[in-house]
Structure formats: C-alpha cells, structure tokens
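Data first, discussion second: the structure below is written as structure tokens.
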Amino acid sequence: MNSNPIPKSYDSRATEERWVHFWEEHDFFVADNRSPAPSFCIVMPPPNITGSLHMGHALTTTLQDVVVRWKRMHGFNTLWVPGTDHAGIATQNVIERRLAEQGIHRKDLGREKFEQIVWEWKEKAEKTIHHQIRKMGFGCDWTRVAFTMEPRMSRAVREVFVRLYEEGLIYRGEYMVNWCPRCTTAISDLEAQHEPEQGRLYYLRYPLRDFAGEIVVATTRPETMLGDTAVAVHPDDDRYRDLVGKTAILPLLGRELPVIGDSFVQKEFGTGAVKITPAHDPNDYQAGLRHKLPFVQVIDELGMMTPQAGPYAGLSRAQAREKVLEDLSRQGFLVRQEPHSLSVARCQRCSTAVEPLVSTQWFVKIAALAEPAIQAVESGRIRFVPSNYEKVYFEWMRNIHDWCISRQLWWGHRIPAWYCRQCGQMQVCRTDPALCSRCGAGQLQQDPDVLDTWFSSALWPFSTLGWPEPTRDLEVFYPNSVMMTGFDIIFFWVARMIMMGLHFVGDVPFRTVFLNGLVRTEQKQKMSKSKGNAVDPLEIVEQYGTDAVRFTLSVMAGSGTDIVFSTDRVIGYRAFANKIWNAVRFVLLNLPAGASAVESEEMEALASKGLLTVVNRWVLHRLNVTVGEVNETLEKFRFDEACNALYHFFWHELCDWYLELSKPVLNQRSGADVEQTVKTLIYVLDMSLRALHPVMPFITEDLWQRLPHRGVSLAVARYPVARPAFHNADAESELSRIIDFVTAIRTVRSENNLDPGRRLPLEVMASQDDAGCVERYLGPILALARLSGIRTVEALQEDRTHLRGFSGIGQFALISEEGSDAGAEAERLRKDIARLQQELERQAKKLSSPEFLQKAPAAVVESARERRADLAGKLDKAAAELRRLDGA
RNA sequence: AGGUGCGUAGCUCAGGGGGAGAGCACUUCCUUGACACGGAAGGGGUCAGCGGUUCAAAUCCGCUCGCACCUACCA
C-alpha cells in the first residue's frame, strides 16, 4: 500500500485520514455478535450535542480506544458503541442564547417550532462530533451509533419510567426543589452547585405584639422576610424560652408571626433566633411542615417578587433586597449588618442563583434502588479503578436523597403521563393513550415536563444494546466490560447506571469502572469555554498529529490524578513519533530486496536453537520484557506505565543501542549474521509497532504497511505477548557490561573534550574472560566508542596522553595526543571517591550490624555484600587513579 | 462541618520498607550515511516538617503545616 520512498520525517497530515477510511472500509471496528471469541464491550460516554469535543473528551476517549484496540488485537470480540447525548437543559440553553441574539424567545416560537430548531442543531452538532471522533482515530462501531433521544432510546426511557411508576418507585408531588429562575425549571441537587461567596449577615428587629419587647433575627437574604410566617428559637434557649408562643410583628408588612420553639435552631448562630420563610428555604420548609405554618410565596418562578410581597411586587430578587434593606433601615428595623461568607447554590448550566421553590414535580424513590447498587460494589461485582473512588461512591450512595427527575423544559423525553381534562384522572403508560382510563373522555393532555437528561443516560449501557428487546447484542455484550469516564460524573452517571442496570437487566452494567482525572491548563486551572482557557484538542491534533496527542494524554493519565496539559509534552511525543518513523526508515533503507515478514515461531526457533548473536538475543529479550510490562500495566489501566515502557524500550534500547549495534553488522553486506540481524530487525520492529498501535494507531499502521508484513491491517494484527523462548538473562547481563564499557569510554572522551568524531586507540587491562567479551564485540565497540582499535594489556602505561577510565570490564586508557587536564580529572575523581566512600560506608555499616545479618532476608544481605564489593572495587580503581595523578 | 487525595529534581509527575527515578527544561560538545522532531556526556533532590514502629523509613503509623477536590439544610 506504500511503495513510495519513505520521506525523511513523519507527516501526520499526509497520513492520518487515509487510514481512517481504510479501517472503516474493512469494517475492522464492527462487532460480530455471533463471534465465538470472548467479548469485550465499552459504551462510549456520549458527548453532549451542545458543542464539540473538548480536551476531557479527548482524554477519556483516547484511553477507551487504547483499551479497545488492545483487546481487539488480543483477539477479543470487541464492541465500542459511540453516541451522543441530547443534554436537555444544556442544549436548550445554547439554543435559547442563540435565539436571544436575534431577539427571539422560545415562547415566541412555540414548543413545536423550538423543538424543530433544536433537532436541526442536533444534526449539525452530531456530525461535527462524529467527524472529530474519526479524526482522533477512535475505532468505534458506527453501525451501532446511538443518540439518547432517538426512538430506540426513547422507548427504553418510557419503559423504565412506566415500570418504576408501577412499582411505586416514581411519585409525583408538591415539594421544595431547586429552581433555576433563568432556565425556569427544577433541577436536581447535583445540578445545584454551591459556591462560597462573600455576603452580609443582616440583623433585623421584629417587635413583639402588644409592645412586649422585640426579637432580633439574623438573615443573609433579607428580601425573604416578606414571606416570613414565623420566628423560631431553640426550645432550650434560656434567652428566648419565655417568648415561645408569643407573637411577633413582621416589619414592613405587619404580618403576625408566631414565635415557635424548634430544636433545629442553632443557639450559637446569629442571635439564636431565626426568621422562618417556609416557601423559600429548605430548612424553613421543613419547619413550616412541622409547625403547620402558612406558606407565603413572595418570589415567583422567574425570580420576581409576587403580589404577596406587597409594595415590592414586580421587583427582582436583587432589587427587592435593596429596597427592603432601605426601608428597614429607614424605619429602624435594621439593627446592624456584618460581612459573612456563605455558600450560594447556582445553576450548573447558567450560574443563576437557585431559588428554592415549592412546586409539583416527579421524583424517583431512590433508597430501594441504591441498596443493591451499594452491595454490587461491596461484594466486588463492580470494581472501581482507582479503588479509592469506591469510598466516594459509598459515601454518596449511603446518604442519597430522592431524585427530582422532571424538568420544565422543551427539549427532552416527555414524561409519559396524561391528564384527563374531564375528570382529572392521570394515567402513565407505554403508548400514547387516546381515551381517559376512567371516564373515557378523549380530551387528554400530556404532562408538559420532560425528564432529566441523566435519566436516559442511566440506561445507556443497555439501551444502546437494544433493551427492552431481548437482543443478541444484549446477550453478548451485557454486562459491559468497563465503564471509562471522568470522576466528576460518578454520581450523575455511574451510580445511576449501576442502579438502573441492576434493577432492569438484573445484572451490573459493567464489571469495572475506570475513572480518569480532569485535564487542566498549564496554570493548573480547569479548562472551560467561559474562562476562554480551553485548549481545542483538534487544533493541537492538527498541529502535532493525532498520535502525539494521544500518546501525551495516555502517558499523563497516571493513577487518577488530574492532568496538566502542556503543549511542550505534545511536542516531545511528536519527536517520539518521528523517532519511530526514522527507525523504520533506517531498516527499510537497509533491507535486502525480497525480505519477508518474520513469524514469532520462526524467531523463537532461531532463539532457542542458539542461532542468534547475543546482540540479537538481547533485543528480543528487552522487547519481551517490555511487551510483558505493557500487557500487565494495561490490564491495570496504568496507561502511564505502559507508555513509558514502550517509549523507553523503543528510544533508549532499540534506537540508542540495538540499531547502532546492528549497523556494523549490516555493513558487512552479506553473511549469516547479516541475515539473522535483518530478520531480527524486521521482527522487532513489527512487534514494536503492534505494541504501540493502540496508543499511536496512525503512524504504526502506516509504517507496518511499509515493512514486510502478513495481514491486512495492524488494527487486527495479534498483539505481542511475552514468550519464554525470548527470555535471556545472560544476554541481558553481557550487553549491560558492554553498554557500561562504551559509556565509560565516551565519558572519558567527553570530559576531556576530545573530538567526538576522531577514532582513537584504546588499551584495556582486563581479565581473560572480559578480554574475550571485548573481542566478541570488537566491531560494535569500535563503532560506538569511536575507537581505531583495542589492545588488551597487562598494565597501563604511565603517560600523560593516556586518558584513564574504568568500567566493570576493567581499567582502560584512551590514547590521544592532547593529554588530559590533570587538575580537572583529579577534581572529578575526588568527587567520585567521596560519593563512593559515602555509599560504601553505608553498606559496611549495614553489614556490620548483627541484627541486620540476623533479621534481614538472605537475598538482601547478599545484595548488600555484592554492592559493597562492587563499590570497594570501584573505589580502589578511582583511588589508584587519583594517586597516579597526584604523583605525576 | 465532614470526607478524600496530594506535598519527591527548575516544571509536570511516577515509585512506595533494603542502591533516589522518568519526561521536559538546563550545561558542554557534535550537521558521524535513520532521525538536529537528532546524537554524546553532564549538573541538579536534608523525597513538606516533627515524632513513632522497624535490623532498615521517601515508602508504614501519629501529629503539624500547606494545597486541591468532593459532600452537607448552617439562617
């Protein structure tokens, strides 16, 4: 597919789109529900159709793709369901704002026309999101794409609603709810976000009737005094005990207020006396119910003062506060005011201060659903990763409140309840009824409210698979394998999916919940469009390539912590992509004509028959270790560790050492060593590309297709696994000696500022074994250390132009004309010696302790001995070297 | 007010009872036939503080300080 000469560097823009098409044309991502292979299923958390993908989506979806691709390559029958969410309140907000720009209110259009506009918006937004998902290389099953408000999903929603209603788990009633006066809808507790704010505490004087004195109350919302219907004190409060049962007079309006005793009052706060506004405060609401107080609503659903507010009617809440304070102050009822910090509940979507209001709403009785959902996690049937989120989950679930599910919106699933205009009968049913079930009249009106968006999202793991139909998909892919999403929606979504899944499908919706952190800016701030600090992932992708972005997000996805996004990191991993590109390019340029792919079995056979050079065995061993690590860490969702292992192997072992070591071999042009090295190169690169593919799908596919390979696509190639035949501890230790030796020589060159290019002769004082080792690797060592030759000697000569160094192999001298800077070298040696001595003392001290020898494990003692010997040897050599220099 | 988590190199973070790690940044040198999106060699840390357990603590326990987030009806 790629016969063109390979360019000098990787160009993501010229590569990516082609492979998206290629994968989709071949249906690699379409799940087969008849496959005998074990299944692996993830449903994608559906992005809201409010806009486009942000960095948070890019993160969580990248991680999902990594897992799904990895599982697919391991032979699982993988299903990854994509989709989008209608996001009721959020989308309605977006549309309303756009209409407002043209001076239009949705009420000017009417419900039908408004819905039509939103549907048009949905089509566009969905298209954008689907395009972005493809651009990121996410391999999901487009034949199963879903939208929360499409007919299939709506049917599931209605089924769930009706069943819960029939089971008595959904009820309708008049309660105090969080109300957003801008969105003009009820919202759930979770959607009311509490923010600390600096306000004031106002002390108001309420006279007692019959000139019996006064009582001073403290409030942060003076405007609500207009709705006061009582004053409460703690029954045990000596200051006020006598006042209980008396009557106070509400300033400004003159309403009579009973003074009641209620233990919810905190004696220490304010004056210990509190005004009671049952219609506008959750606490007072409860108090109002307990004491059967009148409910006077002074604020309406638009946040304006009602006629009940008397002269203040028609003012906004803020205006009313100002005017009330002014009047109270003028009439001497405002005793004092002081700064006070309080938390104000605001609408999650529009930031308007929430107004607690009493209204008729629908609720889910949640306790019965929560119990099995708690047990599912307690028993380990669902596992959270990272596991500490289980505590968070339990904490919330054990203190859960009923869920207000009705919204006074136009965009969402309409509540399937109908009211008879004749007799008032309400019926809740699966299909739209024509006649009243009681009086038979035909004039039915459907409840105007819609359901909370999360009500439908809660069904996602099974509604997308066809529930309530008993589909094959449901049978094969439920429970889903993993739910991967941001930790911020653990209550909104994860908890509710667990409750619904258990209740309606009879099993957990997924076995594992993986929660990722938030993506933050380089200044550690939350990314948000309103702050204008959001980084558009697609822009970064455009600039640096999808693979670089995906690798960055994956490698930074540590264990549950937030991710601080940095473009520098992306640039760094773009360099990694380029490194991969060039490694393959090097091999391609050195490949003999007609070279073919190498199977694992062939490579294993060569390895176990001892037909490979130690260098080749070494790289296979390192590959093998890496592959084992990657599989292990991905199993634990440790994307950071998996990526680091891959990065380190590819760059610092494969490129830095193996490719360099193979160059002198390849330069021989022909022979058995050349042949096996070519095979090893092809094999190791093939496997490396496979291993990297889940994280960097584009570049790996492109390069794999250029290399000799078998199979249609890397996307469906087998993921490498650790193979015992490749394990080789001897090669590992031998190569590490060679690497140390070469590094030591390079250090001497570098420290003496020798021309890195010039080839110099070297003399080494090595044991017979070590000399043999050096002999075996002569070619590579000469090449890597830029030597003209190596001579093994009994003793090193005393010569100022002989630059000394040492490694595990032995002491050596690099022979140059220039000679060394003896002073500088002595200084370095002293530093070395100091460090070695310190370390040696530590080991010696440890080994001189009888308790250590007695109580520490034998292996630890042994390694301490080895370390002491090693340190002592190095110290001797360094000391000898220093004596020589000082003597000279 | 409760809960959870975190303080490790200049920055971002991993590690988690027995030799302080990575990436980026930094310093010096180098356009050597894959790659300057590169190569080689370096510098840099009382692992927040104090106390305890242990033969051994960055790691376990307690306290203190600092930071972050979540939950909650404090007028």
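Order of the sequence lines fixes the chain letters, A, B, ..., with proteins taken first and strands second; residue numbering starts at 1 for each chain.
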query: So A:Phe812 and A:Phe806, ring-ring contact (aromatic ring centres under 6.0 Å, His included) or not? Walk me through it.
result: CA-CA 6 Å; A:Phe812 60 82; A:Phe806 56 90; 8.1 Å; no
Of the listed B:U32, B:C37, B:G19, the closest approach to the A:Ser9 side chain comes from B:C37
Could you tell me if A:Asn644 and A:His648 have a donor-acceptor pair between their side chains, going purely by distance under 3.5 Å? no
| message | Should the side chain of A:Lys8 and the base of B:A36 be counted as holding a donor-acceptor pair, with the cut-off at 3.5 Å? | response | no
Which atom pairs, donor and acceptor, lie under 3.5 Å between side-chain atoms of residues 392-401 of chain A and protein residues at least two apart or in another chain?
residue  : atom : partner  : partner atom : Å
A:Tyr393 : OH   : A:Ala373 : O            : 2.7
A:Arg398 : NH2  : A:Glu378 : OE2          : 2.5
A:Asn399 : ND2  : A:Glu395 : O            : 2.7

With sequence neighbours left out, the residues meeting salt bridge (charged side-chain N to carboxylate O under 4.0 Å, His left out) with A:Lys874 are A:Asp870
With B for base contact, S for sugar-phosphate-only contact and - for none (protein heavy atoms under 4.0 Å), nucleotides 70-75 of chain B reads SS-BBB
When rounded to whole Å, the CZ to P distance for the pair A:Arg746 and B:U32 reads 16 Å
From CD1 of A:Ile745 across to C1' of B:A40 the rounded distance in Å is 13 Å
Quiz prompt | Between A:Tyr175 and A:Tyr285, ring centroids under 6.0 Å | solution = no
Listing for RNA chain B: consecutive Watson-Crick or G-U pair runs of at least 3, distance cutoff 3.5 Å, ranges ordered by first number, gives B:1-7 with B:65-71, B:10-13 with B:21-24, B:26-30 with B:38-42, B:48-52 with B:60-64
*asked:* So, under a plain 3.5 Å distance rule, would you say the side chain of A:Glu660 forms a donor-acceptor pair with the base of B:A34?
replied: yes
Which of B:C37, B:U4, B:U12 is nearest the side chain of A:Lys391? It is B:U4
For residues 262-281 of chain A, the salt bridge (charged side-chain N to carboxylate O under 4.0 Å, His left out) pairs (sequence neighbours left out) are A:Asp228-A:Lys275, A:Asp262-A:Arg290
Every protein N/O lying under 3.5 Å from an N/O of nucleotides 53-57 of chain B:
residue : atom : partner  : partner atom : Å
B:C55   : OP1  : A:Lys855 : NZ           : 2.4

Donor-acceptor side-chain pairing of A:Glu338 and A:Tyr202 below 3.5 angstrom
no
Heavy-atom donor-acceptor pair, A:Lys579 side-chain to B:C37 base, under 3.5 Å: no
